[in-house]
Student: 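Just dropping this structure here.
Values below: all heavy atoms of this structure, side chains included; hydrogens, waters and symmetry mates excluded. The residues of the chain are indexed from 1 along the displayed sequence.
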Amino acid sequence: MPAKSRFTRLDAFTKTVEDARIRTTSGGIVTIASLLIVFYLVWGEWSDYRRVTVHPELIVDKGRGERMEIHLNVSFPRIPCELLTLDVMDVSGEQQTGVKDGLSKVQLAPVSQGGLPISVSSLNLHGEESASHLDPDYCGNCYGAIAPPTAIKTGCCNTCEEVREAYASVSWAFGRGENVEQCEREHYSEKLDAQRGQGCRIEGGFRVNKVIGNFHIAPGRSFSNGAMHVHDLNNYLDTPDGNPHTFTHHIHHLRFGPQVPESVTQRLGAKNAMPWTNHHLNPLDQTEQLTDDPAFNYMYFVKVVSTSYLPLGWQGKNGAFGGQDDALLNDLLPVGSHGRGEDGSLETHQYSVTSHKRSLSGGSDSQEGHKERLHAKGGIPGVFFSYDISPMKVINREERTKTFAGFLTGVCAVIGGTLTVAAAIDRGVYEGATRIKKLHQR
C-alpha cells in the first residue's frame with residue numbers, strides 16, 4: 001500500500017470498498033430520476049441567471065436647462081390648414097408663435113368626400129414664386145404697418161405673407177386681404193375660399209423648455225396685444241357658405257420624448273404579468289372630440305414625468321440623467337433624435353392627463369348632469385395642452401436576476417440537495433425491501 005499522505009486524516013469524503021457496495025434495481029431507477037431532476041433544475045438556474053428584468057426606481061429629477069420634445073399627430077376634419085396656428089408659451093417667458101419647423105400640415109378632403117389626405121404640394125396659398133417676377137426696384141406697401149425682419153427686401157412688403165406678418169407685428173387683424181395689392185395679385189382670398197370645407201392634419205415634433213407651459217392649436221395668426229395673446233379670428237368665423245368651422249379633432253398620437261420600443265414595453269409588462277403598451281405612456285392616443293359649435297374650447301391638463309430606460313451594460317456615458325451640457329448638445333440635433341443614447345439608453349416622458357371643454361358663450365353643464373357648474377364666457381376657440389413637469393423621475397434599469405456567483409451557488413445546492421434526497425429515498429426503499437424479504441422468509 002502506498003504511504004499515507006499527511007492530508008489523509010483530513011479527508012471528509014471517506015470511501016467504501018467496492019466489494020462492500022450493493023447495487024439494486026431500485027437504486028438505478030432513483031439515480032436516473034435524480035439525474036433528470038438535476039438537469040431540469042440546473043437548466044432552471046441557468047435560465048434564471050440569463051433572465052433580464054426591469055427594476056423601477058424613483059428619484060428627484062435634478063436636471064437643469066433641459067429641453068423636451070413633443071410629437072403629435074392631430075386631425076381637424078372641419079377646419080382648413082391655412083387657418084390653423086400652433087403656438088408655444090411657458091413660464092420662463094419664451095414664446096414660439098406660428099411654429100413650423102419640424103411640423104407638416106396635410107390637407108384633408110371634406111368629410112362629405114371621405115376626409116382623405118390631399119396632395120401636400122397645394123398647401124402654400126401664397127406661392128413660392130409669387131414675387132419672383134416683380135421689378136427688382138419694386139417695394140410693396142405695408143399699409144401703415146412695419147415691414148417684418150424676414151422680408152425679402154428690407155423695409156418692404158412684397159408678398160401677401162409679408163403684409164400679414166407686418167399686420168401681426170402691430171396687432172392688427174388682417175382678414176381676407178381685400179384691397180391689399182399683394183394679396184389680390186396672389187389671389188389669396190380665392191385660394192382661401194377653395195379650402196373652405198377641407199380639414200387638416202398636423203403632424204411632427206418641436207422642442208420646448210422643460211418647464212411649466214402650454215401649446216395650443218387655434219385659428220388665425222397669433223399676436224400679442226399688450227399682455228394678452230390674441231388670434232385673428234376673422235377668417236375662422238367668416239363662413240359665407242353657411243358651413244361653420246369647428247374644432248372637432250382626433251388625436252392620433254401625442255407623446256413627450258422618443259417612442260418607447262416594443263421590446264422595452266414587453267419587459268415593462270412582464271414583471272407584473274400584465275400587458276403594457278405605449279398607451280400607458282401616452283394616454284391621449286386615439287382621443288376624439290366632436291362639436292358643432294364654432295366657439296368651443298378644449299383643454300388638456302398634462303402632468304409630465306421624466307422617465308429613463310437604462311439597458312444592461314449602461315455606463316452613463318451619454319448623459320442619460322440630463323446634464324446641462326448634454327441638453328445643449330441635444331438641442332443642436334434634428335427633432336426626433338433627442339433622448340436616444342448610443343448605448344441604448346432612452347430619455348423620454350410618461351404623462352397623465354385630465355381634460356375640460358366648454359363653450360365660449362358660457363352656460364352650465366346641465367345637459368351633462370351638472371347644473372351647479374357654470375362656464376365663463378370668452379376666450380379663444382381651439383385645442384389647448386397645458387403641461388406641468390413633475391419634480392420626480394422614474395428610472396427603469398435593466399438588471400440580471402442573479403449574479404454568476406449566485407448561479408454557481410444555486411447549481412451546487414441543486415446537485416447536493418437532489419443527491420442527498422435521492423440517497424435518502426434509495427436507502428428507505430432498500431431498507432423496506434430488505435425487511436419485507438425477512439418477513440417472507442420466516
Side-chain angles (χ1 to χ4, degrees), residues 7 10-16 18 21-59 257-281 306-321 339-348 350 393-432:
F7 295 105
L10 299 177
D11 186 5
F13 307 99
T14 56
K15 287 77 178 173
T16 58
E18 182 67 24
R21 294 180 181 179
I22 300 175
R23 299 182 185 277
T24 62
T25 303
S26 61
I29 296 174
V30 172
T31 300
I32 294 174
S34 62
L35 288 176
L36 293 175
I37 292 174
V38 165
F39 283 129
Y40 176 76
L41 295 179
V42 168
W43 175 255
E45 287 289 326
W46 174 253
S47 300
D48 197 21
Y49 167 67
R50 296 292 299 170
R51 185 179 299 114
V52 177
T53 59
V54 180
H55 294 278
E57 304 173 19
L58 188 64
I59 65 171
Q259 180 81 350
V260 178
E262 189 66 26
S263 58
V264 174
T265 59
Q266 290 176 357
R267 287 180 178 176
L268 289 173
K271 184 174 182 180
N272 298 317
M274 60 179 292
W276 184 285
T277 65
N278 276 296
H279 183 70
H280 291 80
L281 304 176
S306 299
T307 303
S308 294
Y309 186 85
L310 309 182
L312 198 65
W314 174 82
Q315 299 297 328
K317 298 179 181 179
N318 293 292
F321 285 99
R340 298 183 184 275
E342 295 179 357
D343 55 3
S345 60
L346 189 69
E347 281 288 314
T348 186
Q350 302 179 68
K393 182 174 186 175
V394 177
I395 299 178
N396 293 303
R397 191 190 305 271
E398 282 188 355
E399 295 179 354
R400 292 198 183 277
T401 57
K402 185 175 292 188
T403 63
F404 186 70
F407 165 69
L408 293 180
T409 302
V411 169
C412 294
V414 164
I415 296 175
T418 304
L419 294 182
T420 300
V421 174
I425 294 174
D426 177 63
R427 185 68 181 179
V429 172
Y430 175 74
E431 292 291 343

Student: Which atoms form the tightest heavy-atom contact between Ser308 and Lys393, and what is the distance?
Tutor: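 In terms of heavy atoms, the two residues are closest at OG-CE, 3.0 Å.
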Student: How close do Val414 and Val38 get, heavy atom to heavy atom, and via which atoms?
Tutor: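 Closest approach of Val414 to Val38: CG1-O, 4.1 Å.
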Student: State, to 0.1 Å, how close Val30 and Ala422 come at their nearest heavy-atom pair, and which atoms those are.
Tutor: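 Looks like CG1-O, 3.5 Å.
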Student: With sequence neighbours left out, what residues match Leu58 under side chain to side chain contact (heavy atoms under 4.5 Å, CB included)?
Tutor: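 By the side chain to side chain contact (heavy atoms under 4.5 Å, CB included) rule, Leu58 matches Met392, Val394.
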Student: List in chain and number order the residues that pass salt bridge (charged side-chain N to carboxylate O under 4.0 Å, His left out) with Arg400, two or more places apart in sequence or in another chain; answer none if no residue qualifies.
Tutor: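 For Arg400 there are no salt bridge (charged side-chain N to carboxylate O under 4.0 Å, His left out) partners, ignoring immediate neighbours.
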Student: Does Thr401 reach the main-chain N or O of Asp48 with its side chain, forming a donor-acceptor pair under 3.5 Å?
Tutor: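 Yes; at least one donor-acceptor contact below 3.5 Å.
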Student: List the steps and the verdict of ring-ring contact (aromatic ring centres under 6.0 Å, His included) for Trp43 and Tyr40.
Tutor: CA-CA 5 Å; Trp43 175 255; Tyr40 176 76; 9.6 Å; no
Student: For Arg50, check salt bridge (charged side-chain N to carboxylate O under 4.0 Å, His left out) against everything at least two apart and list the hits.
Tutor: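 Result, salt bridge (charged side-chain N to carboxylate O under 4.0 Å, His left out) vs Arg50: none returned.
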Student: Please report the shortest heavy-atom distance between Pro258 and Leu346, naming the atom on each side.
Tutor: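 For Pro258 versus Leu346, the nearest heavy atoms are CG-CD1, 3.6 Å.
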Student: To the nearest 0.5 Å, tell me how far Ile395 CD1 sits from His55 NE2.
Tutor: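 That separation rounds to 14.0 Å.
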Student: Tell me the closest heavy-atom pair linking Glu45 and Gly410, and the distance in Å.
Tutor: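 Minimum heavy-atom contact is OE1-CA, 3.7 Å.
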Student: Taking only residues two or more places apart in sequence or in another chain, which ones pass side-chain hydrogen bond (donor to acceptor under 3.5 Å, both in side chains) with Glu57?
Tutor: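 Counting only residues at least two positions away or on another chain, Glu57 forms a side-chain hydrogen bond (donor to acceptor under 3.5 Å, both in side chains) with Arg397.
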Student: Does any N or O in the side chain of Thr418 come within less than 3.5 Å of the main-chain N or O of Ser34, such that one atom is a donor and the other an acceptor?
Tutor: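 Absent.
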Student: Tell me every residue that passes side chain to side chain contact (heavy atoms under 4.5 Å, CB included) with Val421, counting only those two or more places apart in sequence or in another chain.
Tutor: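 Checked Val421 against side chain to side chain contact (heavy atoms under 4.5 Å, CB included); matches are Ile425.
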Student: Can you measure from CD1 (Ile415) to CG (Leu35) and round to the nearest 0.5 angstrom?
Tutor: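 That separation rounds to 10.0 Å.
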Student: The criterion is side-chain hydrogen bond (donor to acceptor under 3.5 Å, both in side chains); which residues satisfy it with Thr420, sequence neighbours excluded?
Tutor: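 Once residues adjacent in sequence are excluded, Thr420 has no partner under the side-chain hydrogen bond (donor to acceptor under 3.5 Å, both in side chains) criterion.
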